[in-house]
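The residues of the chain are indexed from 1 along the displayed sequence.
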Amino acid sequence: SFPKMQEAASKGSRKRADKVGKLETKEEKGTITEKEAEQLKRLNKASKKSDKARVAKASITKSTEARKKAEMLILLILLL
């Protein structure tokens with residue numbers, strides 16, 4: 001499972017998550033300005049891009065780990 005923005009380690013990520021939360025609340029209440037709506041759209045786009053990159057990286061890591069385990073099993077079998 002992936003950490004939520006609020007659980008992110010960096011101060012910048014937490015600050016960004018707070019900003020997104022406030023903008024989303026304004027959007028739900030219908031009090032968001034055009035400038036804030038554009039800012040929320042930009043932040044959401046960046047978040048989506050980060051999420052895709054994080055999933056791709058995790059996939060690569062799992063694949064690499066699985067390959068290493070398979071190689072170790074093959075070596076063990078050959079040694080026996």
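- Listed by first then second residue, pairs satisfying side chain to side chain donor-acceptor pair (under 3.5 Å) with a partner in residues 56-80 number zero, not counting sequence neighbours.
- With sequence neighbours left out, Arg42 forms a side chain to side chain contact (heavy atoms under 4.5 Å, CB included) with Gln39.
- Nearest heavy atom pair, residue Leu23 against residue Ile32, reads O-CD1, 3.7 Å.
- Atom CG of residue Asn44 and atom NZ of residue Lys48 lie 8.5 Å apart, to the nearest 0.5 angstrom.
- Qualifying salt bridge (Lys or Arg N to Asp or Glu O under 4.0 Å) partners for Glu36, counting only residues two or more places apart in sequence or in other chains: Lys26.
- Of the inter-residue distances, the one linking Glu24 atom CD with Leu43 atom CG reads 9.5 Å to the nearest 0.5 angstrom.
- Applying the 4.5 Å side-chain rule to ILVMFWY residues, one finds that Leu73 remains a lone member of its cluster.
- For Lys49, there are no side chain to side chain contact (heavy atoms under 4.5 Å, CB included) partners, not counting sequence neighbours.
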